[in-house]
Amino acid sequence: MDFVARQSLKDIEEYSVEHVAADIIVNANENNFPMPEKVAAKIEKITKDFPFNRYPPIKAENLCKTIAEGLELDIENIKIGNGSSELLQTACYVFGGFGKKIAIPYPSFSMYGVYVQMSDSTAVQYPLSDDGFLDADKLIAFCRKERPDLLIICNPNNPTGNYNELPVVEKIIGAVQCPVIVDEAYMEFADGKDVPPLDMRPLSKVWLIAGSTLSLVGSYSNLMCFRTFSKAYGLAGLRCGYAAGAAQLIKLLGKALLPYNVNAYSLMAAKVVYENKALYKTMVKTIRKERDKMAGFLRKLGFRVWPSATNFLMFCAHGFLREKLAAAYGKKYGEHLPDAVASGKMLYRYFLENGILTRDYTTHPYLTGCLRVTVGRPEENKIILEKLAALNTEVRS
């Protein structure tokens, strides 16, 4: 018997990420570093007497209060979700709907289009520059023409990794006539420096908001900044994120969130992490250093690497190296594909055969032949680069 679902679900495929056995998992932009010992000890201590039989705060007020105090905002400016993804989906329901337009970047996080479609809205894609950056003037002109009901900006952008400086993003926020979501899932890795000159927060708190639109909350009535605990803070398995923005927009967002939408244990762990976020500074600094080292090594081998301010790198072979990798793929696997795709497939399968799971973008229309690799622990990164150097030598010989 065939059952009929909503029309908006007809062409949607379930989101999937590779789940295969691997020694080094660098495909999902998780944080491969262990939790700081002091944070782990605190969570373990609370867990012993944790009230698992009780409902969580109905609107996650405990974590909202902690984040609001950290950012020197009111609790009405904060909303918590099961990862920032739940908040993104909810925002599309709240501000979208039949006949409504939602502007999303391309290439960017693939789930934006899914959330738009699920909310019966119309997606209008605005292109990034050839190397993955926002063009403020072009985007403003795009919004004046399309008149979207919601604008989503991904900064730094996933999957290319590009970071757009705060004045660029602020220019857009101030010029458009709709709510703006700035998805900052990877902002902790960007090491931004920009802070509005009138921001009076003490230096001990400025590092939290430097380069981020968190510093603009309260200044714009159309802004919401979405952040997550999944990336820099390593809580991907607990699914917790937050929105900070204009109180009116945050209130509307809250109307579409279910009561008790985030479980009590996730709220507890996220609260402990947020209260001890300074303990993650050294880890984040190490990831940035490793990222830049890996990017330099890849470029020396002959790869094109997108400028990244995240915990991952997007890269592909080009020129002579692309030809050699494509030829090696055809010879080894007996499958003849366009050089760009074949070169990327050769890399992906070579890594997998060596116990390394990366993210395959080889057939992406804009990122053809590309792989995305999360920056792991130094010992993992060393193995990845050694394997890549060995393959590079092999195909060039």
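For the 3.5 Å distance criterion, the side chains of Asn158 and Arg372 qualify, holding a donor opposite an acceptor. No side-chain donor from either of Thr122 and Lys101 sits under 3.5 Å from a side-chain acceptor of the other.
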Sequence neighbours excluded and cut-off under 3.5 Å, please list the side-chain donor-acceptor pairs for residues 382-389, or say none.
from	atom 1	to	atom 2	distance (Å)
Lys382	NZ	Glu386	OE2	2.5
Lys387	NZ	Asn354	OD1	3.4

Please table the atom pairs, donor to acceptor, closer than 3.5 Å between any side-chain atom in residues 292-300 and protein atoms at least two apart or in another chain.
from	atom 1	to	atom 2	distance (Å)
Lys293	NZ	Glu290	OE2	3.1
Arg299	NH2	Val305	O	3.2

Enumerate, atom names and distances included, each donor-acceptor pair closer than 3.5 Å involving a side-chain atom of residues 73-96, sequence neighbours excluded.
from	atom 1	to	atom 2	distance (Å)
Asn77	OD1	Asp74	N	3.1
Asn77	ND2	Gly245	O	2.9
Asn82	ND2	Glu86	OE1	3.1
Asn82	ND2	Asn261	O	2.4
Glu86	OE1	Asn82	N	2.6
Glu86	OE1	Asn261	ND2	3.2
Thr90	OG1	Glu86	O	2.8

Which donor-acceptor pairs under 3.5 Å do side chains of residues 159-174 form with protein atoms, sequence neighbours excluded?
from	atom 1	to	atom 2	distance (Å)
Thr160	OG1	Asn157	ND2	2.9
Thr160	OG1	Asn162	OD1	2.6
Asn162	ND2	Asp131	O	2.6
Tyr163	OH	Gly211	O	3.2
Asn164	OD1	Leu134	N	2.9
Asn164	ND2	Asn155	OD1	3.2
Glu170	OE2	Tyr220	OH	2.6
Lys171	NZ	Asp137	OD1	2.6

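Distance alone, capped at 3.5 Å, places no donor-acceptor pair between the Asn31 side chain and the Tyr233 backbone.
When every heavy atom of Ala210 is checked against every heavy atom of Gly192, the shortest pair comes out as CB-O, 3.4 Å. Pro105 and Ile152 get closest at one heavy-atom pair: CD-O, 3.3 Å. When all heavy atoms are compared, the tightest approach of His364 to Pro107 is CE1-CB, 3.8 Å. Heavy-atom minimum distance, Ala340 versus Ser343: O-OG, 2.8 Å.
Under the 4.5 Å side-chain criterion, counting only non-hydrogen atoms from C-beta, Phe315 is in contact with Leu371.
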Could you go through the side-chain contact (heavy atoms from CB on, under 4.5 Å) check for Ile24 and Leu357 one step at a time? CA-CA 6 Å; Ile24 299 176; Leu357 179 60; over 6 Å; no
Determine, stepwise, if the pair Thr374 / Arg359 fulfils side chain to side chain donor-acceptor pair (under 3.5 Å). CA-CA 9 Å; Thr374 308; Arg359 186 66 182 272; over 6 Å; no
Step by step, work out the salt bridge (Lys or Arg N to Asp or Glu O under 4.0 Å) result for Lys193 and Asp191. CA-CA 7 Å; Lys193 305 297 184 186; Asp191 195 24; 3.5 Å; yes
Evaluate the side chain to side chain donor-acceptor pair (under 3.5 Å) criterion for residues Ser129 and Asp135: first the C-alpha distance (whole Å), next the side-chain angles of each, then the deciding distance (0.1 Å), finally the verdict. CA-CA 7 Å; Ser129 68; Asp135 185 314; over 6 Å; no
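Hydrophobic cluster of Tyr106: the remaining members, joined at side-chain heavy-atom separations below 4.5 Å, are Trp306, Met314, Tyr361, Tyr366, Leu367, listed by chain and number.
Residues Leu347 and Val375 share a single hydrophobic cluster, defined by chaining ILVMFWY side chains whose heavy atoms lie under 4.5 Å apart. Residues Tyr260 and Phe52 fall into different hydrophobic clusters, defined by Ile, Leu, Val, Met, Phe, Trp and Tyr side chains chained together at heavy-atom separations under 4.5 Å. No path of Ile, Leu, Val, Met, Phe, Trp and Tyr side chains, each step under 4.5 Å between heavy atoms, connects Met187 with Leu313, placing them in separate hydrophobic clusters.
Ser219 pairs by the side-chain contact (heavy atoms from CB on, under 4.5 Å) definition with nothing, not counting sequence neighbours. Applying the side-chain contact (heavy atoms from CB on, under 4.5 Å) criterion to Val39, with sequence neighbours excluded, gives Met35, Pro36, Ile43, Val272, Val273, Asn276, Leu279, Tyr280. When the salt bridge (charged side-chain N to carboxylate O under 4.0 Å, His left out) test is applied to Asp199, the partners found at least two apart in sequence or on another chain are Arg201. Partners of Ala326 by side-chain contact (heavy atoms from CB on, under 4.5 Å), not counting sequence neighbours, listed by chain and number: Asp339, Ala342. Every residue two or more places apart in sequence or in another chain that forms a side-chain contact (heavy atoms from CB on, under 4.5 Å) with Tyr333 is listed here: Tyr329, Met346, Arg349, Glu353.
Among residue pairs with one or both ends in residues 39-55, those qualifying as side chain to side chain donor-acceptor pair (under 3.5 Å) are Thr47-Tyr265; sequence neighbours excluded. Pairs engaging residues 236-258 under the side chain to side chain donor-acceptor pair (under 3.5 Å) rule: Ser230-Arg239 [sequence neighbours left out].
Here the options are Glu380, Glu379, Arg377, the test is side chain to side chain donor-acceptor pair (under 3.5 Å), and the partner is Asn32; only Glu380 passes.
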